[in-house]
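Please see the structure below; I have some questions.
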Amino acid sequence: MLSVRLQQILRYINPTDKIADIGCDHGYLAIGAIEKGVKYVQLIDNKAAPLSVAKKNLKNYEKLSKISYSLSDGLSKVDKKVNVACICGMGGDLVSYIIENKIDVARRLDYLILEANSKNEILRKKISDLKFEIIDEDIVYDKKKYYQIMKIRYNEEAPKLSQVEILLGPILIKKHNQIFIDYLHNQLQTIHAIMEKNQVLSEKLNNKKTIMEEILNETI
Ligand SMILES: C[S@@+](CC[C@H](N)C(=O)[O-])C[C@H]1O[C@@H](n2cnc3c(N)ncnc32)[C@H](O)[C@@H]1O
């Protein structure tokens with residue numbers, strides 16, 4: 001059974017897509033994509049051990065899809081046929097590096113699906129600076145953690161994200177669903193815990209607190 005996080009990521013993949021899974025690790029995302037009908041999957045990892053685990057896990061799927069494996073860094077060896085790259089389960093700074101390091105590849109793709117386990121602000125700032133637009137966004141709660149998922153594509157005309165959008169996600173703010181509200185409360189609880197220990201909030205954290213309180217008060 002796939003995790004809630006991976007199931008949500010898979011919703012952004014169409015059966016007609018040709019995907020590259022960057023940082024494939026165990027290969028579960030690729031398996032989910034093939035089960036959804038995807039016929040072309042490139043699994044990429046920069047370490048040999050996870051790639052060989054993925055190969056074992058995908059053995060029974062070889063008849064269902066064209067599967068290839070690359071021991072390589074980020075987007076550097078993405079096949080020309082691939083139209084969608086998934087970069088999931090890493091920190092926001094590493095996802096940012098992977099995109100910027102091979103920006104020509106990232107820009108020619110139809111879209112990228114990103115899920116950073118941390119530092120989503122850094123990631124949103126970077127993709128905005130590199131002229132990608134966020135087409136869709138979601139937040140899920142899985143094994144006591146919140147995960148933010150973004151579908152992005154290159155758009156030379158993409159307007160720059162505001163400070164609030166970088167912090168909380170332009171589409172997450174608009175969707176304003178229950179998980180997003182819970183996430184805001186959860187973040188504010190952490191900030192209040194810091195304040196209860198009489199620690200002075202940094203200017204950055206204080207700004208975050210104000211923005212999150214305003215967003216909650218505006219729409220609840
Ligand atoms: C925590 S796993 C995430 C697995 C899967 N993508 C998921 O979301 O469940 C991160 C994987 O990314 C790989 N990785 C880290 N940096 C990478 C890079 N620059 N290029 C390719 N793979 C990378 C690691 O070896 C590891 O297998």
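Remember, it's 1-based here, ligands and their atoms both numbered in the order they're listed. Positions are given from 1, in the same order as the sequence printed here.
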Handout entry: Aromatic Y12 / basic K151 pairing, under 6.0 angstrom, 45° off normal
Key =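 So K151 doesn't make the cation-pi contact.
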Exercise for the section: Could you tell me the residue and atom name of the protein heavy atom closest to atom 14 (N) of ligand 1, and the distance to it rounded to 0.1 Å? Expected result: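 Sorting protein heavy atoms by distance from atom 14 (N) of ligand 1 puts N46 OD1, 3.4 Å first.
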Fill in the blank from the handout: With heavy atoms and a 4.0 Å threshold, my read on which part of C86 contacts ligand 1 is neither
Practice task
Give the minimum heavy-atom separation between I173 and E165, together with the two atoms involved.
Solution key: CD1-CA, 4.2 Å
Fill in the blank from the handout: If you scan protein heavy atoms around atom 20 (N) of ligand 1, the nearest is G74 N, 2.8 Å
Handout entry: Atom indices of ligand 1 within 4.0 angstrom of S72 heavy atoms, with elements
Key =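 Matching atoms, with element in brackets: 20 (N), 21 (C).
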Exercise for the section: For the pair N83 (side chain) and K18 (backbone), establish whether a donor and an acceptor sit closer than 3.5 Å, ignoring hydrogens and angles. Expected result: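 Yes: the side chain of N83 pairs with the backbone of K18.
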Exercise for the section: Could you list the atoms of ligand 1 found under 4.0 angstrom from a heavy atom of M90? Expected result: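 Answer, ordered by atom number: 12 (O).
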Handout entry: Close approach of L29 to ligand 1, heavy atoms, under 4.0 angstrom
Key =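 So L29 does not count as touching ligand 1.
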Handout entry: Within 45° cone and under 6.0 Å: K55 NZ/CZ vs Y69 ring
Key =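 Ring-cation test returns yes.
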Problem - Same apolar cluster: V82 and Y154, side chain cutoff 4.5 Å - result: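 Same cluster.
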Practice task
Please verify whether a non-hydrogen atom of S3 lies at under 4.0 Å from ligand 1.
Solution key: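 No heavy atom of S3 comes that close to ligand 1.
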Practice task
Begin from the C-alpha positions of K175 and E137 and carry the test salt bridge (charged side-chain N to carboxylate O under 4.0 Å, His left out) through to its verdict.
Solution key: CA-CA 9 Å; K175 283 187 179 171; E137 227 175 358; over 6 Å; no
Practice task
Report yes if some N/O of K47 lies less than 3.5 Å from some N/O of ligand 1; otherwise report no.
Solution key: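 By distance alone, the answer is yes.
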Practice task
Check the hydrophobic clustering (I, L, V, M, F, W, Y; side-chain heavy atoms under 4.5 Å; chains of links allowed) and say if L29 and L75 are grouped together.
Solution key: no
Handout entry: Criterion side-chain contact (heavy atoms from CB on, under 4.5 Å) on F132 and I99, from CA distance to verdict
Key = CA-CA 10 Å; F132 285 82; I99 294 171; 4.1 Å; yes
Handout entry: Pi-cation contact, Y147 with R5 (under 6.0 Å, within 45°)
Key =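 That pair qualifies as a cation-pi contact.
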Practice task
Looking only at protein heavy atoms, identify the closest one to atom 5 (C) of ligand 1 and say how far it is in Å.
Solution key: G23 O, 3.4 Å
Practice task
Could you check atom 2 (S) of ligand 1 against the protein and tell me its nearest heavy-atom contact, residue, atom and distance included?
Solution key: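 Result for atom 2 (S) of ligand 1: D25 OD2, 3.4 Å.
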Problem - Polar atom proximity, I98 to ligand 1 (N or O, under 3.5 Å) - result: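 Between I98 and ligand 1 (N or O atoms, distance only) the closest approach is not under 3.5 Å.
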Completion exercise
Ranked by distance from atom 19 (N) of ligand 1, the top protein heavy atom is D73 OD1, 2.7 Å
Handout entry: N177, I179, I171 screened by side-chain contact (heavy atoms from CB on, under 4.5 Å) with D138, the one that passes
Key = N177
Handout entry: Contact check: D45 vs ligand 1, nitrogen or oxygen atoms, below 3.5 angstrom
Key =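 Yes, since at least one N or O of D45 sits under 3.5 Å from an N or O of ligand 1.
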Completion exercise
of all protein heavy atoms, closest to atom 10 (C) of ligand 1 is G89 O, 3.9 Å
Practice task
Provide, to 0.1 Å, the distance between atom 7 (C) of ligand 1 and the closest protein heavy atom, together with that atom's residue and name.
Solution key: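 Ranking protein heavy atoms by distance from atom 7 (C) of ligand 1, first comes R5 NH2, 3.4 Å.
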Handout entry: Side chain, backbone, both or neither: L94 near ligand 1, heavy atoms under 4.0 Å
Key = side chain
Handout entry: Atoms of ligand 1, numbered as shown, that sit under 4.0 Å from any heavy atom of H26
Key =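 Here the atoms of ligand 1 in question are 9 (O).
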Practice task
Consider every N or O of I44 and every N or O of ligand 1, then say whether any pair is closer than 3.5 Å.
Solution key: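 In fact, backbone or side chain, I44 has no N or O that close.
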Handout entry: For V95, the option from L114, N117, L112, N120 that meets side-chain contact (heavy atoms from CB on, under 4.5 Å)
Key =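 Going through the options one by one, the only one that passes is L114.
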